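Please read these numbers as outputs of a predicted model, since none were measured by experiment.
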Amino acid sequence: MTNSTAPDRDLMSKFDGLIAERQALIDSGVTDPFAIVMEQVKSPTEAVIKGKDTILLGTYNYMGMTFDPDVIQAGKDALDQFGSGTNGSRMLNGTFRDHMGVEQALRDFYGMSGAIVFSTGYMANLGMISTLAGKGDYVILDADSHASIYDGCKQGVAEIVRFRHNDVTDLDKRLGRLPAEAGKLVVLEGVYSMLGDIAPLREMVAIAKKHGCMVLVDEAHSMGFFGPNGRGVYEDQGLEGEVDFVVGTFSKSVGTVGGFCVSNHPKFEAIRLACRPYIFTASLPPSVVATAEVSIRKLMHAHNKRAHLWENARTLHNGLTDMGFRLGTKTPDSAVIAVLLEDQEQAVAMWQALLDGGLYVNMARPPATPAGIFLLRCSVCAEHTSDQIDAILKMFHAAGRAVGAIG
């Protein structure tokens with residue numbers, strides 16, 4: 001006879017607060033901001049949401065590659081030639097022609113000798129950090145690091161040291177306290193995705209090298225449009241040859257899904273033999289890596305796209321600033337523009353007003369943001385037209401006035 005007695009402690013009870021908070025939001029008549037459905041996507045900048053034509057300003061499609069005809073055709077061709085999936089890990093039967101092709105495209109794009117593709121950018125950080133830093137080693141990371149970086153630290157067995165966000169002096173001080181003989185990995189991000197601020201990589205890398213550290217930089221939110229070749233903030237700040245590992249993703253500027261790490265280290269290929277998140281997960285479908293390869297090769301020559309993206313970012317940032325909005329950065333430092341609000345109530349009201357007006361942005365709150373910060377995160381795309389940017393500014397002005405965010 002089956003025992004139907006409930007357990008002494010329901011492991012799901014810890015989520016009661018989250019469930020109640022979400023339900024209260026829904027009961028108030030607000031659209032659930034964490035359950036948006038794209039009913040139709042017409043282009044990199046337009047979709048249908050709740051039956052309404054909507055401008056997209058809340059995706060990471062920075063370079064607008066998702067509807068590029070060559071990229072789409074590459075995926076269709078690979079689907080026809082190799083089927084829908086690999087049914088195995090890269091270590092077994094999961095390496096197809098296009099996996100080799102996209103890794104070569106990454107080597108060419110970054111001008112590096114080694115490239116390894118993971119199933120997502122999250123898995124790239126999880127795998128690289130937990131594999132590189134072992135017992136007795138140290139991982140030193142920015143306090144505002146992405147969740148995937150923190151989880152990479154948790155997955156491993158190294159000691160973890162945090163320093164204050166973008167604080168060069170604090171990084172130097174904390175590194176100075178560590179044993180000189182220990183292995184040390186400093187993990188940085190080129191662009192921090194919540195506020196859109198960039199790291200002072202030049203100074204930080206110099207400090208790391210002074211203390212004998214290796215450096216890994218996550219360039220997820222800068223690949224494609226920072227630097228002369230679109231390689232990221234580290235290239236823009238003249239650090240090629242100084243950074244040991246660059247992690248990135250295909251789900252932003254590349255326009256598909258997947259993650260990677262590139263490096264010039266002569267022993268880099270050994271990562272494939274030791275990295276659990278690489279060894280024990282299925283490889284990406286051939287159609288996905290085929291689209292990524294073509295997209296990456298096109299990004300090598302996307303100078304006009306890069307220029308237009310920066311023009312859009314400057315226009316939007318300056319326009320919002322002139323209206324009186326409080327932004328995450330004083331200048332347009334990246335393609336991420338964060339509009340800071342007073343509290344969750346105002347952020348939700350602003351987000352809903354924009355959605356009703358035909359504009360989708362991301363709403364973010366703690367713990368995704370620093371404590372006490374509620375914001376709307378705008379992600380600019382190279383495919384946004386000047387008319388769309390003008391329309392976006394008008395919608396922000398109307399919504400801001402309606403909720404009291406601006407005068």
Is the shortest heavy-atom distance from the side chain of [X] to the side chain of [Y] under 4.5 Å?
X: Y110; Y: M223; value: yes
X: S253; Y: F225; value: yes
X: L341; Y: V339; value: yes
X: V289; Y: F96; value: no
X: V215; Y: L188; value: yes
X: K305; Y: H308; value: no
X: I207; Y: V168; value: yes
X: I373; Y: L340; value: yes

Per-pair distances, 0.1 Å, donor-acceptor, side chain in residues 177-187, under 3.5 Å, sequence neighbours excluded:
| from | atom 1 | to | atom 2 | distance (Å) |
| --- | --- | --- | --- | --- |
| K184 | NZ | P179 | O | 3.0 |
| K184 | NZ | A180 | O | 3.4 |
| K184 | NZ | A182 | O | 3.0 |

With under 30° as parallel and over 60° as perpendicular, where do the rings of H221 and Y62 fit, or are they tilted in between? perpendicular
Mind checking whether F268 and F245 have parallel, tilted or perpendicular rings, split at 30° and 60°? tilted
Result for side chain to side chain contact (heavy atoms under 4.5 Å, CB included) between V262 and one of V117, L106, V247, I116 points to L106
Option among V348, L354, L57 that satisfies the side chain to side chain contact (heavy atoms under 4.5 Å, CB included) test with L376: L354
Within the side chain of [X], is there an N or O that forms a donor-acceptor pair under 3.5 Å with the backbone of [Y]?
X: S263; Y: D244; value: yes
X: Q237; Y: L201; value: yes
X: S43; Y: E46; value: yes
X: D142; Y: N166; value: yes
X: N312; Y: H384; value: yes
X: E242; Y: A206; value: no
X: D167; Y: D170; value: yes
X: R231; Y: F109; value: yes
X: E219; Y: V233; value: yes
X: T321; Y: H317; value: yes

Distance-only polar pair, side chains of [X] and [Y], donor-acceptor under 3.5 Å:
X: Q155; Y: R276; answer: no
X: S283; Y: T86; answer: yes
X: Q352; Y: T31; answer: yes
X: D108; Y: Q104; answer: yes
X: N93; Y: N87; answer: no

Does [X], at its [atom1] atom, have more than 12 non-hydrogen atoms belonging to other residues, nucleotides or ligands within less than 6.0 Å?
X: K14; atom1: NZ; answer: yes
X: E39; atom1: CD; answer: yes
X: R272; atom1: CZ; answer: yes
X: R162; atom1: CZ; answer: no
X: M300; atom1: CE; answer: yes

Evaluate the side chain to side chain donor-acceptor pair (under 3.5 Å) criterion for residues N61 and T59: first the C-alpha distance (whole Å), next the side-chain angles of each, then the deciding distance (0.1 Å), finally the verdict. CA-CA 5 Å; N61 197 2; T59 78; 5.0 Å; no
Could you check F250, Y278, F118 and say which one makes a ring-ring contact (aromatic ring centres under 6.0 Å, His included) with F260? F250
Quick one: do [X] and [Y] make a salt bridge, cutoff under 4.0 Å?
X: K52; Y: D356; answer: no
X: R22; Y: D32; answer: yes
X: R314; Y: E311; answer: no
X: D80; Y: K76; answer: no
X: E103; Y: R90; answer: yes

With side chain to side chain donor-acceptor pair (under 3.5 Å) as the criterion, how do T249 and S251 come out once you've worked through the C-alpha distance, each side chain's angles and the decisive distance to 0.1 Å? CA-CA 5 Å; T249 181; S251 61; 2.9 Å; yes
Taking the ring centre of each residue, are Y192 and H165 less than 6.0 Å apart? yes
Is the F374 to W351 ring centre distance short of 6.0 Å? no
Run the side chain to side chain donor-acceptor pair (under 3.5 Å) check on Y122 and D151 step by step: do they pass? CA-CA 9 Å; Y122 175 96; D151 288 353; 2.7 Å; yes
Before giving the answer on ring pair (Phe, Tyr, Trp, His ring centres under 6.0 Å), spell out for F325 and F396 the whole-Å C-alpha distance, their side-chain angles and the decisive distance to 0.1 Å. CA-CA 9 Å; F325 284 104; F396 259 98; 5.7 Å; yes
